[in-house]
Number of protein chains: 4
Amino acid sequence: MTHVKTTREGQASADGSATADGSMRSERRAHLVVLAGELFAQRGYRATTVREIADAAGILSGSLYHHFDSKESIGDEILASFINEVLADYRGAVASAGNPRAVIEQIVRSTSRTLARHRAALAMLQNDWSYFAAQPRFAYLPRALREIERIWVSQLEAGKESGLFRADLDSKLTYRLLRDVLWIPEQWRRTRGYGTDQVVDAFLRILFDGIANRA
Amino acid sequence: MTHVKTTREGQASADGSATADGSMRSERRAHLVVLAGELFAQRGYRATTVREIADAAGILSGSLYHHFDSKESIGDEILASFINEVLADYRGAVASAGNPRAVIEQIVRSTSRTLARHRAALAMLQNDWSYFAAQPRFAYLPRALREIERIWVSQLEAGKESGLFRADLDSKLTYRLLRDVLWIPEQWRRTRGYGTDQVVDAFLRILFDGIANRA
Amino acid sequence: MTHVKTTREGQASADGSATADGSMRSERRAHLVVLAGELFAQRGYRATTVREIADAAGILSGSLYHHFDSKESIGDEILASFINEVLADYRGAVASAGNPRAVIEQIVRSTSRTLARHRAALAMLQNDWSYFAAQPRFAYLPRALREIERIWVSQLEAGKESGLFRADLDSKLTYRLLRDVLWIPEQWRRTRGYGTDQVVDAFLRILFDGIANRA
Amino acid sequence: MTHVKTTREGQASADGSATADGSMRSERRAHLVVLAGELFAQRGYRATTVREIADAAGILSGSLYHHFDSKESIGDEILASFINEVLADYRGAVASAGNPRAVIEQIVRSTSRTLARHRAALAMLQNDWSYFAAQPRFAYLPRALREIERIWVSQLEAGKESGLFRADLDSKLTYRLLRDVLWIPEQWRRTRGYGTDQVVDAFLRILFDGIANRA
DNA sequence: TATGAATGAGGGTTCATTCAT
DNA sequence: CATGAATGAACCCTCATTCAT
């Protein structure tokens, strides 16, 4: 057993910098993570078997366990590093001052670059969100999503107060509508507290008129 | 084998009216479909076992096979009736004349009601799209998606030509951006042919200014 | 899945009467438990594979899971019913009044009969005690052992106070020395050529009077 | 392969003096045996993985194979040296003349000291006796046990003939009842709060005189 | 219609061991 | 002497499905 394994239990690796310090991690291992990520993205995390990953690497399935504690560990490694970068994007945008419109623009621009670098993670979350969200080990994912929502809502609110955005904007709903476009589309059904008509009207309003205030 | 089973092979049941002739189908069977749908929506289609469905119905898993050929049949029944209604919504909106803006508005309004009646199907598609999309039996799903895209794009194009929508709108991209909000979020990566910057710019433009032409 | 499975989680089945009410349990299942018990006794619990159990039953290993949640469940069923009977023996002996010598004699006689009926459980505990003792699911085993120790020690103490037993006896230490003879040690069944009663009598004789000839 | 490996095949090392010629054996190797023994004692031989041993030594599991042929070799080394000392104790006691009572007393006293020096071996035999007993490589263990039984039985018989022990004693049965107390049973070390001498004295007292008060 | 028992393929994982470097 | 990577067999378990009763 190599000493580079991710921890099997304990606080999710998302709390630390999962790969930032990973300079020493073997290239073999890194290669395996990339391979696995590609398969996860193509077929989904659950639908991908460790045997398929091993096959892609040209080894036997058991040999994967020389590098990783479990299939979950591989997923965790991919997801945690992704979510940490995204969170950094958001925090960076907020910290860099600027008015809400500038902050939102920076968020969108920086995360879009991060997303491009983490295609596998994004695909995994889209395909198997409900699975990850339910698992204790991946509790940091819903947690991160909540922080992201907080940031969006506070920026939208600030924009409304400063007159940059339309005063009739429903910040929370607007975020919900937008998130999925950028992101992991949580179910409509979870958009509790809004009637269907409300959702539709808000969508059409944004779709046709946008959120910017018309001077 | 009972005579009410769905066909296991052959053209997907989506091509006919899945439930239109279902007057003879036992209520028991219909109840089982609803039960299964709820579980599929909660846990995802693949993650739900036939045992869980049987448990929820208070019978043994083997007994389900008196009503259905397979787990796939149940999924098919749920998905096909949903997609057929949605397709009907789209076709109806197009047929009802009106300008592109009116058509789009009607599409959004009518499908939103259909979606509300088919929560389970929607959740299934969100969670397990990649699975269904890859299976021959569910080939009608990507097919339906393609028709829906054609309708959106043609309406957006018509709107541009008539001056209702902004002339600089990228119809295909606009559809892709919108679809996920309404719908099944296909992966960004599949939006090939667009550079990241293009996507981001388009998103921001729509987000801030909307798609409506400023008079 | 049949509804007779033992619970996978929760308080150990030892707390209830594991088999006392088991009149409804299928004979097939009961037969499988016996088969498994024999293998566990011969080779040890850990050393016995579910495949071996299934082979012995003439079915495939997966089929065992129609009857049991897990290998642990089978072990639990065997062990819990055993330990409950032993505990009942001890409590019965204590409740039946009598002086400490009579109580100890009754304990030895009644448990020796119980042990004879639960050869498999005894062998399992002998071979894999350290394993069971460490597992949460089998926490009731150390718990039972502690109760048994309390009973022995209190009877030995009472015997000393009443002058029945030697005043210089260290009760706790004496129990420790005896326990293994009655109990965790090698199988009685291997002491071929002796009837149970003979063994019990010999044991009681040595316990009370020692091996030295009284001059 | 280093030249210090134990032989993998052939007559068990128990037949020779396992460590008598070990002067040249590296201290590293000896240290590894001790480490392994501790783990074997704690978790059982089978339950301990070579990885755990290597981890405890601060090396990788593969590196262990520079010192030992196999996991079995380590076990053999520990067990053989133990059993040889015990056998020496028994033979010494018999050779030192004395009446049967003296011989038995000496056996108990000397083996109890040997046992104290070989905690790991004792624990291993307790936990995994059935495993070792079944393996050809460890055939010397049952063989040793048979010699030990012969000695006990002959001493008990001699004691009966000479009038030292009760004439109604069943020697073979008595040995079986006693063996586990001295031997395969739970660890003496768990009998905390008692010194070895105390335990030995108590045992001899009960063995010879029983627990009943002599009126 | 339902039960109860079984199938069979495949799932993730473990572990003693090997070997080139 | 040690590493790091891999083997290969076995392990416990899951699950859609079948079928005699």
Side-chain angles (χ1 to χ4, degrees), chain A residues 1-4 8 26-29 32 46-54 57-74, chain B residues 1-2 4 8 26 28-29 46-54 57-74, chain C residues 1-4 8 26-29 32 46-54 57-74, chain D residues 1-2 26 28-29 46-54 57-74:
Chain A
M1 200 197 267
T2 54
H3 48 288
V4 290
R8 180 186 294 244
S26 84
E27 288 175 34
R28 187 87 183 95
R29 180 194 169 89
L32 291 171
R46 272 174 301 177
T48 303
T49 71
V50 296
R51 269 163 179 87
E52 286 168 338
I53 300 170
I59 58 177
L60 291 182
S61 71
S63 304
L64 277 179
Y65 290 79
H66 177 64
H67 303 280
F68 307 97
D69 266 342
S70 62
K71 185 188 175 188
E72 247 186 10
S73 291
I74 310 180
Chain B
M1 243 207 219
T2 57
V4 291
R8 173 183 297 233
S26 80
R28 184 102 183 84
R29 179 194 167 87
R46 273 174 301 178
T48 303
T49 71
V50 296
R51 280 239 249 267
E52 287 168 337
I53 300 170
I59 59 177
L60 290 184
S61 68
S63 305
L64 275 181
Y65 289 79
H66 285 287
H67 302 281
F68 307 96
D69 262 347
S70 63
K71 185 188 175 186
E72 249 184 7
S73 291
I74 310 178
Chain C
M1 200 197 266
T2 54
H3 48 287
V4 289
R8 179 187 294 245
S26 84
E27 287 174 35
R28 186 86 184 97
R29 179 195 169 88
L32 291 171
R46 273 174 302 178
T48 303
T49 71
V50 294
R51 226 91 110 183
E52 286 168 337
I53 300 169
I59 59 176
L60 291 182
S61 70
S63 303
L64 277 180
Y65 290 81
H66 177 63
H67 303 280
F68 308 97
D69 265 343
S70 63
K71 185 187 175 188
E72 246 186 10
S73 290
I74 309 180
Chain D
M1 244 207 217
T2 57
S26 78
R28 185 101 182 87
R29 179 194 169 88
R46 272 175 302 177
T48 303
T49 70
V50 294
R51 279 240 248 268
E52 287 167 337
I53 300 170
I59 59 177
L60 291 183
S61 67
S63 305
L64 275 180
Y65 289 79
H66 285 287
H67 302 281
F68 308 96
D69 262 349
S70 63
K71 186 187 175 187
E72 249 184 9
S73 291
I74 309 179

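This one's a predicted model, so the numbers in the text were calculated from it and none came from an experiment. In the text below, chain A, chain B and the rest are named by the order of the sequence lines, each starting its count at 1.
Among the nucleotides F:dC13, E:dT17, E:dT13, the one closest to the side chain of D:Val50 is E:dT17.
The shortest distance between the side-chain N/O atoms of C:Tyr65 and the OP1/OP2 oxygens of F:dC13 is below 4.0 Å.
To the nearest 0.5 Å, atom NZ of residue C:Lys71 and atom OG of residue C:Ser61 are 12.0 Å apart. Distance NE2/B:His66 to CZ/B:Arg29: 13.5 Å, rounded to 0.5 Å. We find the CZ-CG distance between C:Arg51 and C:Leu64 to be 11.0 Å, quoted to the nearest 0.5 Å.
Nearest heavy atom pair, residue D:Ala47 against residue C:Arg46, reads CB-NH1, 3.2 Å. When all heavy atoms of B:Ser73 and B:Phe68 are compared, the pair lying nearest together is CB-CB, 4.4 Å.
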message: Output the pairing pattern of DNA chain F as a dot-bracket string, 5' first, Watson-Crick or G-U wobble with both distances under 3.5 Å, | for cross-strand pairs, [ ] for crossing pairs.
response: .||||||||||||||||||||
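The distance between atom CG of B:Asp69 and atom C1' of F:dT17, rounded to the nearest whole Å, is 11 Å. Atom CD1 in D:Ile53 sits about 11 Å away from atom C1' in E:dA16, given to the nearest Å. To the nearest angstrom, C1' of E:dA2 lies 17 Å from CZ of B:Arg29. Put simply, CZ on C:Phe68 is 12 Å from P on F:dC13, counting in whole angstrom units.
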Show me the protein contacts with nucleotides 6-10 of chain E, counting only N or O atoms at under 3.5 Å.
residue, atom, partner, partner atom, Å
E:dA6, OP1, C:Arg28, NE, 2.7
E:dA6, OP1, C:Arg28, NH2, 2.8
E:dA6, OP2, C:Arg28, NE, 3.3
E:dA6, OP2, C:His67, NE2, 3.1
E:dT7, OP2, C:Leu60, N, 2.7
E:dT7, OP2, C:Ser63, OG, 3.0

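Residues passing the side-chain contact (heavy atoms from CB on, under 4.5 Å) test with C:Ala57 are C:Arg28, C:Leu32, C:Leu35, C:Ile59, sequence neighbours excluded.
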